[in-house]
Trainee: 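Okay, here's the structure, questions in a sec.
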Amino acid sequence: MLHDASHYAPIGDKVILITGFDPFGGDSLNPSWLVAQALDGQRIAGHRVVAAQLPTVFGESLHQLRALATAHRPALTICLGQAGGRSALSLERVGININDARIPDNVGAQPIDTPVVPGGPAAYFASLPLKAMLRSVQQAGVPCEVSQTAGTFVCNHVLYGLMHMLQAQGVGPAGARGGFVHVPWLPGQGTPSLALRDMVRGIHAALWAAVLHQSDIALGAGATH
Ligand code: PCA
């Protein structure tokens with residue numbers, strides 16, 4: 001974990017919190033954490049990046065995210081996760097209020113059709129300028145897409161829980177924004193894959209765009225299915 005006291009924000013320094021997950025499902029590494037680590041401490045347009053690892057565990061992942069948000073009060077929170085089988089960085093549009101685990105999480109829990117937040121709304125949109133981020137990542141030469149589903153495992157759980165914290169519970173500073181990006185496998189984990197340096201370059205470009213665009217641009221990136 002990199003969020004020790006030395007990473008706490010001095011007054012006036014805005015924080016970008018970027019998280020990655022520990023390995024899950026039999027993998028020995030998780031590229032989302034390698035990307036987050038690579039960006040830790042970087043300065044982006046007057047913001048400082050703080051990286052932290054979340055466990056691939058229902059419930060506990062959100063407890064830790066809440067503690068991080070309370071400690072660092074990030075202006076921007078972007079959680080990263082691995083999505084094996086995808087070929088591009090996937091900017092997630094929406095988190096839904098459901099846990100439906102196809103495989104057990106890292107403590108063996110496998111919830112089926114339970115809510116992330118009992119009584120919560122069906123879904124929350126990410127509060128990120130997705131199209132501006134898409135353009136920025138593509139201009140950096142890294143494959144990128146807008147995704148309409150973050151699945152129903154721990155990544156969707158974290159995206160929904162993050163947006164519930166920000167939008168319903170007011171955790172963090174006023175105007176704090178957040179969302180989620182899935183990354184492909186690394187070469188050696190499976191096919192298709194993306195090199196770590198490309199993931200890092202792409203996420204860096206996405207963070208730049210997110211900080212610089214308070215509102216989004218109009219750019220077609222929808223899907224028919
Ligand atoms: N990916 C999983 C959970 C942890 C991760 O990196 C998911 O997509 O839900």
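What you see below is based on every heavy atom in this structure, not just the backbone, and it leaves out hydrogens, waters and symmetry mates.
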Trainee: Testing the basics here: between L76 and A210, what is the closest heavy-atom pair and its distance to 0.1 Å?
Mentor: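 It is CD2-CB, 3.8 Å.
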
Trainee: Could you report the tightest heavy-atom contact between A36 and A51, atom names first, then the distance?
Mentor: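 In this case the closest contact between A36 and A51 is O-CB, 3.3 Å.
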
Trainee: Which value, rounded to the nearest 0.5 Å, describes the distance between L68 atom CG and M165 atom CE?
Mentor: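 Answer rounded to 0.5 Å: 9.0 Å.
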
Trainee: Starting at OG of S61, measure out to CG of L162 and round the result to the nearest 0.5 Å.
Mentor: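 Between atom OG of S61 and atom CG of L162 there are 11.0 Å.
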
Trainee: With hydrophobic residues grouped by side-chain heavy-atom distances under 4.5 Å, do L65 and M163 end up in a single group?
Mentor: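 Yes, L65 and M163 fall within the same hydrophobic cluster.
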
Trainee: Find out if a path of hydrophobic residues (ILVMFWY) with successive side-chain heavy-atom gaps under 4.5 Å connects V116 to F125.
Mentor: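 Result: no, two separate clusters.
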
Trainee: Do you see a donor-acceptor pair shorter than 3.5 Å between the side chains of N30 and Q53?
Mentor: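 No, no side-chain donor-acceptor contact under 3.5 Å.
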
Trainee: Quick test of your reading: applying salt bridge (Lys or Arg N to Asp or Glu O under 4.0 Å), list the pairs with at least one residue in residues 105-126, sequence neighbours left out, ordered by first then second residue.
Mentor: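 Qualifying pairs: none.
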
Trainee: Considering all heavy atoms of both residues, which atom of A205 and which atom of A140 are nearest to each other, and what is their separation?
Mentor: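 Looking at all heavy atoms of both residues, the closest pair is CB-CB, 4.0 Å.
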
Trainee: Can you name the nearest heavy-atom pair linking S136 to A206, along with the distance?
Mentor: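 Minimum heavy-atom contact is OG-N, 4.4 Å.
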
Trainee: With respect to I203, which candidate in V137, L80, V49, V142 satisfies the side chain to side chain contact (heavy atoms under 4.5 Å, CB included) definition?
Mentor: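 When side chain to side chain contact (heavy atoms under 4.5 Å, CB included) is applied between I203 and each of V137, L80, V49, V142, only L80 qualifies.
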
Trainee: I'd like to check I18 versus Q42 (side-chain heavy atoms, cut-off strictly below 4.5 Å). Are they in contact?
Mentor: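 SC-SC contact between I18 and Q42 ruled out.
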
Trainee: Please enumerate all residues that pass side chain to side chain contact (heavy atoms under 4.5 Å, CB included) together with I103, with sequence neighbours excluded.
Mentor: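 Applying side chain to side chain contact (heavy atoms under 4.5 Å, CB included) to I103 gives F24, F153.
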
Trainee: Is there a side-chain contact between V35 and V181, using heavy atoms and a 4.5 Å cut-off?
Mentor: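 Side chain of V35 against side chain of V181, heavy atoms only: no contact under 4.5 Å found.
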
Trainee: For residues 189-198, which residue pairs pass the salt bridge (Lys or Arg N to Asp or Glu O under 4.0 Å) check, not counting sequence neighbours?
Mentor: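 Sorted result for residues 189-198: D198-R201.
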
Trainee: Kindly work out whether a path of hydrophobic side-chain contacts (I/L/V/M/F/W/Y, heavy atoms less than 4.5 Å apart) joins I98 to V158.
Mentor: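 They do not share one cluster, since no chain of ILVMFWY contacts under 4.5 Å joins I98 to V158.
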
Trainee: Roughly how far, to the nearest 0.5 Å, is CG of L34 from CG of L196?
Mentor: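 Output value for this atom pair is 5.5 Å.
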
Trainee: Taking side-chain hydrogen bond (donor to acceptor under 3.5 Å, both in side chains) as the test, write out the residues that go with T70, two or more places apart.
Mentor: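 Testing T70 for side-chain hydrogen bond (donor to acceptor under 3.5 Å, both in side chains), a comparison that skips the adjacent residues, returns none.
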
Trainee: Mind checking side chain to side chain contact (heavy atoms under 4.5 Å, CB included) for P115 and listing every partner two or more places apart, or none if nothing turns up?
Mentor: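 For P115, the residues satisfying side chain to side chain contact (heavy atoms under 4.5 Å, CB included) (neighbours in sequence not counted) are N97, P118.
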
Trainee: Sequence neighbours left out, what pairs pass side-chain hydrogen bond (donor to acceptor under 3.5 Å, both in side chains) with at least one residue falling in residues 117-134?
Mentor: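 Listed once each, the pairs are Y124-H164.
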
Trainee: With rounding to the nearest 0.5 Å, note down the distance linking CE in M133 to CD1 in I78.
Mentor: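 If I round to the nearest 0.5 Å, the distance is 4.0 Å.
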
Trainee: Atom CZ in R135, atom CG in D216: separation rounded to 0.5 Å?
Mentor: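 Nearest 0.5 Å value for the CZ-CG distance: 9.0 Å.
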
Trainee: Measure the shortest side-chain to side-chain distance between P55 and N106 over non-hydrogen atoms and say whether it is less than 4.5 angstrom.
Mentor: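 No; the side chains remain at least 4.5 Å from each other.
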
Trainee: Could you give the distance from CG (L39) to NE2 (H204), rounded to the nearest 0.5 Å?
Mentor: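 The CG atom of L39 sits 6.5 Å away from the NE2 atom of H204.
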
Trainee: Evaluate the side-chain contact (heavy atoms from CB on, under 4.5 Å) criterion for residues R66 and L62: first the C-alpha distance (whole Å), next the side-chain angles of each, then the deciding distance (0.1 Å), finally the verdict.
Mentor: CA-CA 6 Å; R66 173 181 288 275; L62 282 179; over 6 Å; no

Trainee: Mind checking whether K14 and P173 have side chains closer than 4.5 Å, heavy atoms only?
Mentor: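 Side-chain contact under 4.5 Å: no.
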
Trainee: For residues L128 and L91, determine if any side-chain heavy atom of one lies less than 4.5 Å from a side-chain heavy atom of the other.
Mentor: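 No, too far: nothing below the 4.5 Å cut-off.
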
Trainee: Write out all pairs satisfying side-chain hydrogen bond (donor to acceptor under 3.5 Å, both in side chains) with one or both partners inside residues 146-158, taking only residues at least two apart or from two chains.
Mentor: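 Pairs touching residues 146-158 that pass the test: R86-S147, E92-S147, R93-Q148, N99-H157.
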
Trainee: Side chains of V154 and L54: does their closest heavy-atom pair fall under 4.5 Å?
Mentor: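 V154 vs L54: side chains apart.
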
Trainee: Please find the pair of heavy atoms, one from H213 and one from R177, that lie closest to each other, and give the distance.
Mentor: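 In this case the closest contact between H213 and R177 is O-NH1, 3.0 Å.
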
Trainee: Starting from V107, walk the hydrophobic network (Ile, Leu, Val, Met, Phe, Trp, Tyr; side-chain heavy atoms closer than 4.5 Å) and list everyone else you reach, by chain and number.
Mentor: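 Answer for V107: V57.
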
Trainee: Looking only at heavy atoms, what is the nearest atom pair of V171 and A69, with distance?
Mentor: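 Closest approach of V171 to A69, heavy atoms only: CG1-CB, 3.7 Å.
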
Trainee: Indicate yes or no: at least one non-hydrogen side-chain atom of L89 is less than 4.5 angstrom from one of P184.
Mentor: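 Side-chain contact under 4.5 Å: yes.
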
Trainee: Using side-chain hydrogen bond (donor to acceptor under 3.5 Å, both in side chains) as the criterion, list what pairs up with Q139, not counting sequence neighbours.
Mentor: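 Expected list: none.
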
Trainee: Under a 4.5 Å cut-off applied to non-hydrogen side-chain atoms, are P74 and V50 in contact?
Mentor: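 No. Closest side-chain heavy atoms not under 4.5 Å.
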
Trainee: Listed by chain and number, what are the side-chain hydrogen bond (donor to acceptor under 3.5 Å, both in side chains) partners of T19, not counting sequence neighbours?
Mentor: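 Listed in chain order: nothing, the list is empty.
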
Trainee: Does P104 have any side chain to side chain contact (heavy atoms under 4.5 Å, CB included) partners at least two apart in sequence or in another chain, and if so, which?
Mentor: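 Applying side chain to side chain contact (heavy atoms under 4.5 Å, CB included) to P104 gives Q110.
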
Trainee: Using the test side chain to side chain contact (heavy atoms under 4.5 Å, CB included), find all partners of C155 that sit at least two apart in sequence or belong to another chain.
Mentor: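 F21, F180, H182.
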
